[in-house]
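Worksheet for the structure shown next.
We count ligands from 1, going down the list as the structure has it; atoms in each ligand are counted the same way. FYI, the numbering just counts along the sequence from 1.
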Amino acid sequence: MPKVAIVTGSTSGIGLAIAEALAGLGHIVIVNSFSDTAADHAVAKAIADGTGAKVVYRQADMSKAEDCRALVAWTEKEFGSVDILVNNAGIQYVAPVEEFPIEQWNRIIAINLSSAFHTTAAALPGMKARDWGRIVNIASAHGLRASPNKSAYVAAKHGVVGLTKTVALESARSNITCNAVCPGFVLTPLVEKQIDDRAKELGLDRETVIRDVILEKQPSKKFASVGEIAAATLYLVSDGAASVTGTTISVDGGWTAQ
Ligand code: NAD
(Lines give C-alpha, C1' and ligand atoms only; values in the text may rest on other atoms or scores of the structure.)
Protein backbone atom coordinates (compact mmCIF):
# COMPACT_ATOMS: atom_id res chain seq x y z
CA MET A 1 0.00 0.00 0.00
CA PRO A 2 1.46 3.40 -0.90
CA LYS A 3 1.89 5.75 2.04
CA VAL A 4 1.50 9.50 1.92
CA ALA A 5 4.75 11.36 2.59
CA ILE A 6 5.58 15.03 3.09
CA VAL A 7 9.20 16.12 2.63
CA THR A 8 9.68 19.75 3.65
CA GLY A 9 12.24 21.77 1.68
CA SER A 10 12.49 19.20 -1.08
CA THR A 11 13.15 21.13 -4.30
CA SER A 12 16.91 20.81 -3.79
CA GLY A 13 19.71 18.84 -2.16
CA ILE A 14 18.93 16.26 0.51
CA GLY A 15 15.16 16.81 0.54
CA LEU A 16 14.97 16.26 -3.22
CA ALA A 17 16.90 12.97 -2.92
CA ILE A 18 14.58 11.81 -0.12
CA ALA A 19 11.48 12.74 -2.16
CA GLU A 20 12.88 10.77 -5.13
CA ALA A 21 13.66 7.77 -2.93
CA LEU A 22 10.19 7.70 -1.36
CA ALA A 23 8.53 8.08 -4.76
CA GLY A 24 10.79 5.28 -5.99
CA LEU A 25 9.05 3.00 -3.50
CA GLY A 26 5.69 4.07 -4.94
CA HIS A 27 4.67 6.37 -2.09
CA ILE A 28 2.62 9.51 -2.71
CA VAL A 29 5.02 12.39 -2.12
CA ILE A 30 4.39 16.05 -1.37
CA VAL A 31 7.35 18.15 -2.50
CA ASN A 32 7.61 21.48 -0.72
CA SER A 33 9.41 24.80 -0.66
CA PHE A 34 8.56 28.42 0.20
CA SER A 35 8.08 29.69 -3.37
CA ASP A 36 5.45 28.78 -5.94
CA THR A 37 7.14 28.86 -9.34
CA ALA A 38 6.87 26.76 -12.48
CA ALA A 39 10.32 25.39 -11.61
CA ASP A 40 9.03 24.16 -8.23
CA HIS A 41 6.14 22.30 -9.86
CA ALA A 42 8.53 20.95 -12.51
CA VAL A 43 10.61 19.30 -9.76
CA ALA A 44 7.58 17.31 -8.60
CA LYS A 45 6.63 16.46 -12.19
CA ALA A 46 10.15 15.20 -12.97
CA ILE A 47 10.05 12.88 -9.94
CA ALA A 48 6.58 11.65 -10.92
CA ASP A 49 7.72 11.04 -14.53
CA GLY A 50 10.84 9.23 -13.35
CA THR A 51 9.15 6.96 -10.81
CA GLY A 52 5.52 6.62 -11.91
CA ALA A 53 4.45 7.66 -8.39
CA LYS A 54 2.00 10.43 -7.55
CA VAL A 55 4.15 13.43 -6.67
CA VAL A 56 2.78 16.93 -6.17
CA TYR A 57 4.30 20.26 -5.27
CA ARG A 58 2.80 22.30 -2.44
CA GLN A 59 4.05 25.74 -1.45
CA ALA A 60 4.38 26.38 2.29
CA ASP A 61 6.87 28.65 4.04
CA MET A 62 8.45 26.68 6.87
CA SER A 63 9.35 29.93 8.65
CA LYS A 64 5.62 30.41 9.32
CA ALA A 65 3.75 28.31 11.89
CA GLU A 66 0.45 28.58 10.02
CA ASP A 67 2.03 27.41 6.73
CA CYS A 68 3.61 24.39 8.44
CA ARG A 69 0.30 23.32 9.92
CA ALA A 70 -1.62 24.11 6.71
CA LEU A 71 0.73 21.87 4.69
CA VAL A 72 -0.23 18.91 6.86
CA ALA A 73 -3.95 19.80 6.83
CA TRP A 74 -3.96 20.20 3.03
CA THR A 75 -2.23 16.85 2.53
CA GLU A 76 -4.66 15.04 4.83
CA LYS A 77 -7.60 16.63 3.01
CA GLU A 78 -6.21 15.87 -0.45
CA PHE A 79 -4.76 12.38 0.13
CA GLY A 80 -6.45 11.14 3.31
CA SER A 81 -3.41 10.97 5.60
CA VAL A 82 0.15 11.96 6.37
CA ASP A 83 1.92 8.67 7.11
CA ILE A 84 5.53 9.77 6.64
CA LEU A 85 6.76 13.20 7.65
CA VAL A 86 10.31 14.20 6.78
CA ASN A 87 11.29 17.51 8.35
CA ASN A 88 14.15 18.54 6.12
CA ALA A 89 13.86 22.28 5.34
CA GLY A 90 16.86 24.12 6.67
CA ILE A 91 19.10 27.12 6.13
CA GLN A 92 22.49 28.23 7.40
CA TYR A 93 24.04 31.54 8.45
CA VAL A 94 27.54 31.96 9.81
CA ALA A 95 28.71 34.74 12.17
CA PRO A 96 30.19 35.11 15.66
CA VAL A 97 27.46 35.10 18.30
CA GLU A 98 27.90 38.77 19.27
CA GLU A 99 27.51 39.80 15.62
CA PHE A 100 24.79 37.30 14.73
CA PRO A 101 21.89 39.29 13.20
CA ILE A 102 18.71 38.84 15.26
CA GLU A 103 16.60 38.27 12.13
CA GLN A 104 18.96 35.46 10.99
CA TRP A 105 18.78 33.85 14.43
CA ASN A 106 14.97 33.99 14.37
CA ARG A 107 14.81 32.67 10.81
CA ILE A 108 17.08 29.70 11.49
CA ILE A 109 15.23 28.75 14.67
CA ALA A 110 11.89 29.04 12.81
CA ILE A 111 12.87 27.05 9.69
CA ASN A 112 15.32 24.53 11.17
CA LEU A 113 13.56 23.83 14.49
CA SER A 114 10.08 25.29 15.00
CA SER A 115 8.79 24.04 11.63
CA ALA A 116 9.40 20.45 12.80
CA PHE A 117 7.41 21.17 15.97
CA HIS A 118 4.48 22.58 13.97
CA THR A 119 4.32 19.87 11.30
CA THR A 120 4.74 17.14 13.91
CA ALA A 121 2.04 18.59 16.15
CA ALA A 122 -0.28 18.78 13.16
CA ALA A 123 0.48 15.28 11.81
CA LEU A 124 0.52 13.28 15.06
CA PRO A 125 -3.24 13.20 15.73
CA GLY A 126 -3.88 11.52 12.34
CA MET A 127 -0.94 9.14 12.81
CA LYS A 128 -2.24 8.21 16.27
CA ALA A 129 -5.79 7.68 14.94
CA ARG A 130 -4.43 5.30 12.26
CA ASP A 131 -1.82 3.87 14.68
CA TRP A 132 1.01 4.17 12.17
CA GLY A 133 3.50 6.89 11.40
CA ARG A 134 7.11 7.67 10.64
CA ILE A 135 8.69 11.01 11.47
CA VAL A 136 12.25 11.59 10.28
CA ASN A 137 13.96 14.83 11.19
CA ILE A 138 17.00 15.79 9.17
CA ALA A 139 19.19 17.19 11.93
CA SER A 140 22.97 17.35 11.47
CA ALA A 141 26.30 16.42 13.00
CA HIS A 142 25.72 19.90 14.42
CA GLY A 143 22.82 18.38 16.38
CA LEU A 144 25.46 16.44 18.32
CA ARG A 145 28.57 18.63 18.12
CA ALA A 146 29.26 22.36 17.89
CA SER A 147 31.36 24.49 15.59
CA PRO A 148 32.22 28.16 16.04
CA ASN A 149 30.14 30.83 14.28
CA LYS A 150 27.10 28.59 13.84
CA SER A 151 25.23 29.40 17.07
CA ALA A 152 21.73 29.46 15.61
CA TYR A 153 22.25 26.36 13.45
CA VAL A 154 23.86 24.34 16.24
CA ALA A 155 21.18 25.43 18.74
CA ALA A 156 18.39 24.60 16.27
CA LYS A 157 19.85 21.19 15.36
CA HIS A 158 20.45 20.25 19.02
CA GLY A 159 16.83 21.31 19.52
CA VAL A 160 15.70 19.02 16.70
CA VAL A 161 17.44 16.08 18.38
CA GLY A 162 15.70 16.93 21.66
CA LEU A 163 12.33 17.28 19.94
CA THR A 164 12.92 13.93 18.22
CA LYS A 165 13.48 12.14 21.54
CA THR A 166 10.46 13.76 23.18
CA VAL A 167 8.07 12.95 20.33
CA ALA A 168 9.40 9.36 20.33
CA LEU A 169 8.60 9.00 24.03
CA GLU A 170 5.14 10.53 23.61
CA SER A 171 4.29 8.07 20.82
CA ALA A 172 6.21 5.03 22.06
CA ARG A 173 3.09 2.97 22.76
CA SER A 174 1.88 3.32 19.16
CA ASN A 175 3.29 2.21 15.82
CA ILE A 176 4.76 5.66 15.31
CA THR A 177 8.49 6.30 15.36
CA CYS A 178 10.40 9.55 15.42
CA ASN A 179 14.11 9.65 14.64
CA ALA A 180 16.76 12.02 13.37
CA VAL A 181 19.33 11.59 10.63
CA CYS A 182 22.52 13.52 11.36
CA PRO A 183 24.46 14.17 8.16
CA GLY A 184 28.00 15.43 8.13
CA PHE A 185 28.90 17.64 5.18
CA VAL A 186 26.96 16.85 1.99
CA LEU A 187 27.71 18.77 -1.21
CA THR A 188 24.44 20.66 -1.75
CA PRO A 189 23.68 24.33 -2.53
CA LEU A 190 23.69 24.99 1.24
CA VAL A 191 27.33 23.86 1.45
CA GLU A 192 28.36 25.33 -1.94
CA LYS A 193 27.62 28.75 -0.46
CA GLN A 194 29.86 28.03 2.55
CA ILE A 195 32.69 26.90 0.24
CA ASP A 196 32.41 30.12 -1.80
CA ASP A 197 32.22 32.31 1.31
CA ARG A 198 35.23 30.67 3.03
CA ALA A 199 37.30 30.71 -0.19
CA LYS A 200 36.71 34.48 -0.50
CA GLU A 201 37.28 35.13 3.20
CA LEU A 202 40.51 33.10 3.44
CA GLY A 203 41.81 33.80 -0.08
CA LEU A 204 42.14 30.06 -0.78
CA ASP A 205 41.21 27.99 -3.82
CA ARG A 206 38.12 25.78 -3.79
CA GLU A 207 39.99 22.46 -3.42
CA THR A 208 41.99 23.68 -0.41
CA VAL A 209 38.87 25.06 1.27
CA ILE A 210 37.03 21.77 0.78
CA ARG A 211 39.91 19.64 2.12
CA ASP A 212 41.28 21.79 4.94
CA VAL A 213 38.34 23.93 6.03
CA ILE A 214 34.97 22.35 5.17
CA LEU A 215 35.99 18.71 5.64
CA GLU A 216 38.38 19.47 8.51
CA LYS A 217 36.15 17.60 10.98
CA GLN A 218 35.01 14.83 8.61
CA PRO A 219 37.62 12.03 8.98
CA SER A 220 36.59 10.36 5.71
CA LYS A 221 37.64 13.58 3.90
CA LYS A 222 34.73 12.88 1.58
CA PHE A 223 31.32 14.51 1.36
CA ALA A 224 28.43 12.25 2.26
CA SER A 225 26.05 11.95 -0.70
CA VAL A 226 22.41 12.97 -0.80
CA GLY A 227 21.63 9.36 -1.73
CA GLU A 228 23.23 8.17 1.51
CA ILE A 229 21.01 10.48 3.55
CA ALA A 230 17.98 9.23 1.58
CA ALA A 231 19.03 5.61 2.24
CA ALA A 232 19.14 6.24 6.00
CA THR A 233 15.71 7.84 5.76
CA LEU A 234 14.29 4.88 3.81
CA TYR A 235 15.59 2.56 6.52
CA LEU A 236 13.88 4.60 9.25
CA VAL A 237 10.52 4.56 7.45
CA SER A 238 10.75 0.82 6.74
CA ASP A 239 8.93 -1.90 8.71
CA GLY A 240 12.35 -3.22 9.72
CA ALA A 241 12.91 -0.06 11.78
CA ALA A 242 9.66 -0.42 13.75
CA SER A 243 11.51 -0.52 17.09
CA VAL A 244 13.99 2.20 16.20
CA THR A 245 12.68 5.37 17.82
CA GLY A 246 14.03 8.41 19.63
CA THR A 247 17.50 7.99 18.22
CA THR A 248 19.92 9.52 15.76
CA ILE A 249 21.66 7.95 12.79
CA SER A 250 24.90 9.69 11.90
CA VAL A 251 25.92 9.72 8.24
CA ASP A 252 29.03 11.79 8.74
CA GLY A 253 32.19 9.95 7.67
CA GLY A 254 33.18 9.49 11.31
CA TRP A 255 32.83 13.12 12.46
CA THR A 256 30.94 12.38 15.68
CA ALA A 257 33.10 9.35 16.52
CA GLN A 258 35.72 11.90 17.60
P1 NAD B 1 19.52 22.99 0.24
O2 NAD B 1 19.76 24.45 0.39
O3 NAD B 1 20.07 22.26 -0.94
O4 NAD B 1 17.96 22.68 0.31
C5 NAD B 1 17.14 23.28 1.26
C6 NAD B 1 15.72 23.15 0.82
O7 NAD B 1 14.89 23.81 1.79
C8 NAD B 1 15.44 23.81 -0.52
O9 NAD B 1 14.48 23.03 -1.23
C10 NAD B 1 14.83 25.15 -0.12
O11 NAD B 1 13.98 25.68 -1.11
C12 NAD B 1 14.05 24.72 1.10
N13 NAD B 1 13.72 25.83 2.00
C14 NAD B 1 14.52 26.85 2.42
N15 NAD B 1 13.80 27.70 3.17
C16 NAD B 1 12.53 27.22 3.22
C17 NAD B 1 11.34 27.66 3.82
N18 NAD B 1 11.29 28.82 4.50
N19 NAD B 1 10.22 26.93 3.65
C20 NAD B 1 10.24 25.78 2.92
N21 NAD B 1 11.34 25.31 2.32
C22 NAD B 1 12.48 26.03 2.48
O23 NAD B 1 20.06 22.35 1.61
P24 NAD B 1 20.47 20.85 2.00
O25 NAD B 1 21.93 20.84 2.21
O26 NAD B 1 19.83 19.86 1.12
O27 NAD B 1 19.82 20.79 3.45
C28 NAD B 1 18.66 20.05 3.77
C29 NAD B 1 18.67 19.77 5.26
O30 NAD B 1 19.81 18.99 5.60
C31 NAD B 1 18.74 21.03 6.13
O32 NAD B 1 17.92 20.88 7.26
C33 NAD B 1 20.19 21.07 6.52
O34 NAD B 1 20.40 21.77 7.73
C35 NAD B 1 20.48 19.60 6.66
N36 NAD B 1 21.90 19.27 6.61
C37 NAD B 1 22.64 19.55 5.49
C38 NAD B 1 23.98 19.23 5.49
C39 NAD B 1 24.85 19.49 4.29
O40 NAD B 1 26.07 19.33 4.42
N41 NAD B 1 24.32 19.85 3.15
C42 NAD B 1 24.57 18.66 6.62
C43 NAD B 1 23.79 18.39 7.73
C44 NAD B 1 22.45 18.71 7.70
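- Of all the heavy atoms of Ala224, none lies under 4.0 Å from any atom of ligand 1, so neither backbone nor side chain is involved.
- Because its NZ or CZ atom is not both nearer than 6.0 Å to the ring centre of Tyr153 and within 45° of the ring axis, Arg145 does not count as a cation-pi partner of that residue.
- For atom 5 (C) of ligand 1, the candidate residues are Ser140, Ala89, Cys182, Gly90; the nearest heavy-atom contact is made by Gly90.
- Here atom 17 (C) of ligand 1 lies nearest to Met62 when heavy atoms of Lys64, Met62, Glu192 are compared.
- The closest side-chain heavy-atom distance from Trp255 to Cys182 is not below 4.5 Å.
- Within 6.0 Å of atom NZ in Lys193, 12 or fewer heavy atoms from other residues, nucleotides or ligands are found, so the atom counts as exposed in its surroundings.
- Only the backbone of Ala60 comes within 4.0 Å of ligand 1, counting heavy atoms alone; no side-chain atom from C-beta on gets that close.
- Counting protein heavy atoms only, atom 26 (O) of ligand 1 is closest to Ile14 N, 2.8 Å.
- For ligand 1 and Gly13, the ligand atoms under 4.0 Å from any heavy atom of the residue are 3 (O), 26 (O).
- For the side chain to side chain donor-acceptor pair (under 3.5 Å) with Asn87, the lone residue among Thr8, Thr164, Thr119 that qualifies is Thr119.
- Panel note: side chain Gln218, backbone Gly184; no donor-acceptor pair is recorded below 3.5 Å.
- In Lys157, the part holding a heavy atom less than 4.0 Å from any atom of ligand 1 is the side chain.
- Here the protein heavy atom with the shortest distance to atom 31 (C) of ligand 1 is Asn88 O, 3.1 Å.
- Looking from atom 36 (N) of ligand 1 to the surrounding protein, the closest heavy atom is Tyr153 OH, 3.5 Å.
- Protein heavy atom closest to atom 25 (O) of ligand 1, with residue, atom name and distance, is Thr188 OG1, 2.4 Å.
- Within the listing of ligand 1, atoms 2 (O), 23 (O), 25 (O) sit less than 4.0 angstrom from a heavy atom of Leu190.
- Side-chain atoms of Ser174 do not come within 3.5 Å of backbone N or O of Asp131 as any donor-acceptor pair.
- Look at Ala139 and you'll find a heavy atom under 4.0 Å from some atom of ligand 1.
- Atom-to-atom distance recorded for Leu16:CG and Ile47:CD1 is 5.0 Å, nearest 0.5 angstrom.
- With Arg130 contributing its side chain and Val82 its backbone, the two residues share a donor-acceptor pair below 3.5 Å.
- Both Ile135 and Val72 belong to a single network of hydrophobic side chains, linked directly or stepwise wherever heavy atoms of I, L, V, M, F, W or Y lie under 4.5 Å apart.
- Leu85 and Val136 fall into different hydrophobic clusters, where Ile, Leu, Val, Met, Phe, Trp and Tyr are joined by side-chain heavy atoms under 4.5 Å apart, directly or via other members.
- Ligand 1 lies within reach of Asn32, whose nearest heavy atom is under 4.0 Å from it.
- Ligand-side atoms of ligand 1 in range of Ser10: 9 (O), range being under 4.0 angstrom from any heavy atom.
- Residues Asn32 and Met62 are in side-chain contact: their nearest non-hydrogen atoms beyond the backbone lie under 4.5 Å apart.
- When the heavy-atom distances from atom 6 (C) of ligand 1 to Ser35, Gly9, Ser115 are ranked, the shortest goes to Gly9.
- Cluster membership for Val29 and Val56, using ILVMFWY side-chain heavy atoms within less than 4.5 angstrom, is not shared.
- Nearest to atom 1 (P) of ligand 1 among the protein's heavy atoms is Ser12 OG, 3.6 Å.
- Residue-to-ligand polar distances keep Ala141 apart from ligand 1: every N/O pair is separated by 3.5 Å or more.
- Scanning all protein heavy atoms for the shortest distance to atom 16 (C) of ligand 1 gives Phe34 CD2, 3.3 Å.
- Looking at atom 40 (O) of ligand 1, its nearest protein heavy atom turns out to be Val186 N, 2.7 Å.
- A donor-acceptor pair under 3.5 Å is absent between the side-chain atoms of Asp252 and the main chain of Pro183, judged by distance alone.
- Side chain of Asn88 to main chain of Val7: no donor-acceptor pair is present (N/O by atom type, distance under 3.5 Å, no hydrogens or angles).
- Of the protein's non-hydrogen atoms, Gly184 O, 3.0 Å is the one closest to atom 42 (C) of ligand 1.
- Near Val191, the atoms of ligand 1 lying under 4.0 angstrom from a non-hydrogen atom of the residue are 39 (C), 40 (O), 41 (N).
- Per-residue contacts place Thr11 under 4.0 angstrom from the following atoms of ligand 1 (heavy atoms of the residue considered): 8 (C), 9 (O), 11 (O).
- Looking at ligand 1, you won't find any N or O of Ile111 less than 3.5 Å from one of its N or O atoms.
- Between Asp61 and ligand 1, a contact under 3.5 Å exists for at least one N or O pair.
- Residue Ser33 has at least one N or O atom closer than 3.5 Å to an N or O atom of ligand 1.
- At distances below 3.5 Å, not a single donor-acceptor pair connects side-chain atoms of Lys157 with backbone N or O atoms of Ala141.
- Not a single N or O atom of Phe185, backbone or side chain, sits closer than 3.5 Å to an N or O atom of ligand 1.
- Under 4.0 angstrom from ligand 1, there are no non-hydrogen atoms of Leu16.
- Panel note: side chain Tyr57, backbone Ser33; a donor-acceptor pair is recorded below 3.5 Å.
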